[in-house]
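Since the structure comes first, as structure tokens, the remarks are kept for the end.
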Amino acid sequence: MSIFKGFGILAFLERETKALDRKLFVLTAASGTANAMNLAVINASVESMKQGGPFWYHFVLFGLSIGLFVYSLRYILYESSRIAEEAILSVRVRLADKIRRSDLMALETIGEADIHARISRDTAAIAQAARPLFSGTQSAIMVVFTMAYIAAVSPMAMLLCLALIVSGIGLYLKDHDDYQAQLQDSSKWEDDLFSALTGLLRGFKELRLNQRKSDDVFADFGQTAARVRDKRLHVMLKFSDNMVFVEMFFVILLGAVVFILPLLSTSFSDSVTKIVAAILFFFGPLGNVVMMIPVLSQVNVTVDNLRRLETTLDEALAKSADQEQSPGVDMSSFGTIRLDGLHFTYRDPEGGAVFQVGPIDGEIRRGEILFLVGGNGSGKTSFMKLFTALYHPDQGSIRVDGVEIGPTNIQSYRNLFSAIFSDFYLFEKLHGLKEAAPERVEELLRLMEISAKTDFRDGRFTTTSLSTGQRKRLALVVSYLEDKAIYIFDEVAADQDPQFRAYFYETLLPDLKRAGKTLVVVSHDDRYFHVADRVLEMDYGKLRDSKRTAKPARPRKRPAARTVKPISQEPGR
């Protein structure tokens with residue numbers, strides 16, 4: 001094992017901040033040296049009492065060493081805290097940037113719980129370890145200079161102390177690799193515990209409605225928590241053994257100085273007080289150094305976790321290189337979008353095919369309303385992810401007016417869409433819509449009949465904690481404001497009252513069409529199929545035209561006072 005592996009956190013801090021400069025290390029050394037000087041000055045003052053001392057220059061030296069110690073220690077503690085927080089900020093922002101530019105499939109493979117654990121828990125652990133690391137380094141330097149002082153007083157005592165310290169450290173580190181492996185294993189089980197807790201919270205409603213399910217989930221959570229306990233207990237027991245060993249080692253060291261050195265050197269009795277004082281003086285600092293070893297082991301596991309996450313994200317980004325650097329192209333005035341042989345395969349961790357979508361061939365024309373139907377698991381969501389280029393097809397291509405979509409223009413293509421997927425997320429702020437007039441937002445809230453549930457103040461909605469149907473209406477407000485060329489609505493009319501459902505199909509969708517928008521609507525409301533220009537059906541991953549039709553339902557219009565201006569008539573457009 002490389003000697004530098006134990007200091008991976010230093011490499012991490014330097015890589016993230018470039019701030020581990022000479023001054024920091026010089027003052028770290030100065031702090032340890034100044035503390036050792038305090039011992040030398042005190043012992044010299046005690047010795048000078050035999051000659052009528054202490055002398056004035058001892059007091060001056062003591063004041064200087066104390067001043068240097070306080071200044072340097074304060075600097076390294078402040079600076080190490082600043083560097084750690086800067087490093088955490090750097091890695092969090094960089095990972096967030098890579099996450100937002102990554103492929104959806106890559107993020108689904110990594111898992112939400114893993115990403116949360118890395119960016120929140122692991123980065124916090126690094127920040128907490130940085131300051132003790134530099135404090136431990138300062139203590140190590142102090143031990144070195146105290147040993148030099150002991151050597152000046154009695155070379156024999158220094159050799160004995162050094163032999164015992166080296167032997168002690170060797171015994172302490174003999175199980176270090178096993179300790180590191182146990183920490184790695186503990187970290188993995190903690191990730192599983194984080195996932196289990198996420199499931200417990202997100203599935204709360206289902207658990208409260210099903211006692212047997214609740215009992216099983218709770219049992220799994222308890223088993224996972226017990227495994228974490230066992231792993232951490234094993235690590236902590238080793239840590240406790242090490243602490244006992246350190247305490248015992250100090251006593252043995254003192255005993256060796258008092259009982260063994262007088263047998264080896266008849267002149268040692270004159271120096272015994274100084275040597276014992278020196279050993280007592282570095283008890284605390286040496287303990288800090290020894291206790292830092294498990295802290296370094298833990299933080300190295302954390303750094304490795306972050307490195308693995310970033311490596312996975314980098315691999316995903318490499319597959320779509322240059323897409324972010326390419327200049328944007330306005331495709332909003334497209335005429336047709338052609339899907340040629342799109343094919344996508346879901347695979348298990350071993351690479352085996354689980355479900356296949358495609359090949360899909362077809363054409364979407366500007367300004368038409370398409371309804372997409374199909375049973376659960378038929379591939380509707382997969383098709384929409386392929387159509388919006390959130391998934392990269394294994395085979396086939398997408399062409400906009402004959403231009404194939406690839407790495408250089410894929411983001412421009414994605415910018416065509418505003419989508420409300422079944423698992424949509426509502427942001428409280430109107431991100432990307434800073435120019436949206438508050439009056440326009442309020443108008444849409446009233447139209448969607450949720451103005452009594454939420455309001456728009458200071459650039460954000462007052463709440464997004466609404467019922468499922470109300471959240472979908474709020475998502476419609478945001479989608480309407482985004483004013484994109486293509487709208488994807490996945491079962492938006494579900495969970496709505498009959499009046500709003502009729503208004504959605506017979507007023508909102510036609511209004512968007514008249515504004516030149518293209519709409520793909522996942523729906524099973526067959527009484528409104530007459531609204532669609534075409535009805536497409538997914539079945540076992542295949543897309544085909546559906547022959548389903550319906551007679552027009554009786555129109556249900558909103559009162560005139562609640563109508564909304566088409567997108568093309570918005571102020572300032």
Side-chain angles (χ1 to χ4, degrees), residues 92-93 96-97 99-100 104 107 112 115-116 119-120 198 201-205 384 388 390 414-505 507-509 511-512 515 517 519-522 558-559 561-573:
R92 282 175 173 168
V93 171
D97 181 51
I99 287 169
R100 74 186 181 97
L104 177 61
L107 296 187
E112 181 181 342
I115 294 173
H116 273 300
I119 295 182
S120 58
T198 300
L201 294 173
R202 294 191 174 181
F204 177 80
K205 295 186 294 295
M384 289 187 292
T388 55
L390 291 175
R414 289 173 180 156
N415 287 340
L416 289 173
F417 295 90
S418 178
I420 303 177
F421 293 108
S422 58
D423 57 349
F424 69 95
Y425 181 82
L426 275 175
F427 292 95
E428 289 187 352
K429 294 181 66 176
L430 284 178
H431 294 289
L433 293 168
K434 294 181 180 179
E435 71 284 357
E439 299 79 12
R440 176 63 170 162
V441 180
E442 294 290 348
E443 180 185 14
L444 289 170
L445 291 175
R446 288 192 298 271
L447 174 78
M448 301 300 171
E449 295 186 342
I450 52 174
S451 58
K453 301 294 184 178
T454 188
D455 200 359
F456 185 70
R457 299 174 187 170
D458 301 323
R460 66 176 64 228
F461 298 111
T462 54
T463 183
T464 58
S465 299
L466 306 168
S467 68
T468 302
Q470 291 165 349
R471 284 172 52 82
K472 289 182 178 180
R473 296 188 194 187
L474 187 55
L476 279 171
V477 170
V478 178
S479 188
Y480 214 95
L481 290 167
E482 287 178 341
D483 189 13
K484 295 300 186 69
I486 306 174
Y487 287 84
I488 305 290
F489 295 146
D490 188 353
E491 294 283 10
V492 171
D495 307 298
Q496 306 294 348
D497 61 80
Q499 186 180 10
F500 186 86
R501 183 176 301 176
Y503 184 69
F504 171 78
Y505 285 112
T507 302
L508 287 182
L509 295 186
D511 280 351
L512 288 169
K517 308 303 180 182
L519 299 107
V520 178
V521 182
V522 177
R558 282 290 197 246
R562 293 186 178 179
T563 57
V564 66
K565 295 184 292 294
I567 290 180
S568 59
Q569 297 179 16
E570 290 182 25
R573 293 192 61 80

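- Residues meeting the side-chain contact (heavy atoms from CB on, under 4.5 Å) test with Ser422, sequence neighbours left out: Asp490.
- Arg501 meets the salt bridge (Lys or Arg N to Asp or Glu O under 4.0 Å) test with Asp525; sequence neighbours excluded.
- Not counting sequence neighbours, the partners of Asp455 by the side-chain contact (heavy atoms from CB on, under 4.5 Å) test are Glu442, Arg457, Thr462.
- Remark: Thr468 pairs with Lys472, Asp495 by the side-chain contact (heavy atoms from CB on, under 4.5 Å) rule, at least two apart or across chains.
- Here Tyr505 pairs with Phe371, Tyr528 under the ring pair (Phe, Tyr, Trp, His ring centres under 6.0 Å) rule; sequence neighbours left out.
- Going from atom CZ of Phe427 over to atom CG of Leu474 covers 12.5 Å, rounded to the nearest 0.5 Å.
- If you take CZ on Phe500 and CZ on Arg473, they are separated by 5.0 Å, rounding to the nearest 0.5 Å.
- Residues that satisfy the side-chain contact (heavy atoms from CB on, under 4.5 Å) test with Ser467, not counting sequence neighbours, are Gln470.
- Here Phe417 pairs with Phe387, Tyr413 under the ring pair (Phe, Tyr, Trp, His ring centres under 6.0 Å) rule; sequence neighbours left out.
- Leu508 approaches Met448 most closely through the heavy-atom pair CD1-CE, 3.8 Å.
- For residues 444-476, the ring pair (Phe, Tyr, Trp, His ring centres under 6.0 Å) pairs, not counting sequence neighbours, are Phe456-Phe461.
- In this structure, Arg440 pairs ionically with Glu443, as a charged nitrogen and a carboxylate oxygen lie closer than 4.0 Å.
- Looking only at side-chain heavy atoms (C-beta outward), Tyr480 and Leu447 stay at 4.5 Å or farther from each other.
- Between Asp97 and Val93, the closest side-chain pair of non-hydrogen atoms is not below 4.5 Å.
- Checked against ring pair (Phe, Tyr, Trp, His ring centres under 6.0 Å), Phe424 has no partners two or more places apart in sequence or in another chain.
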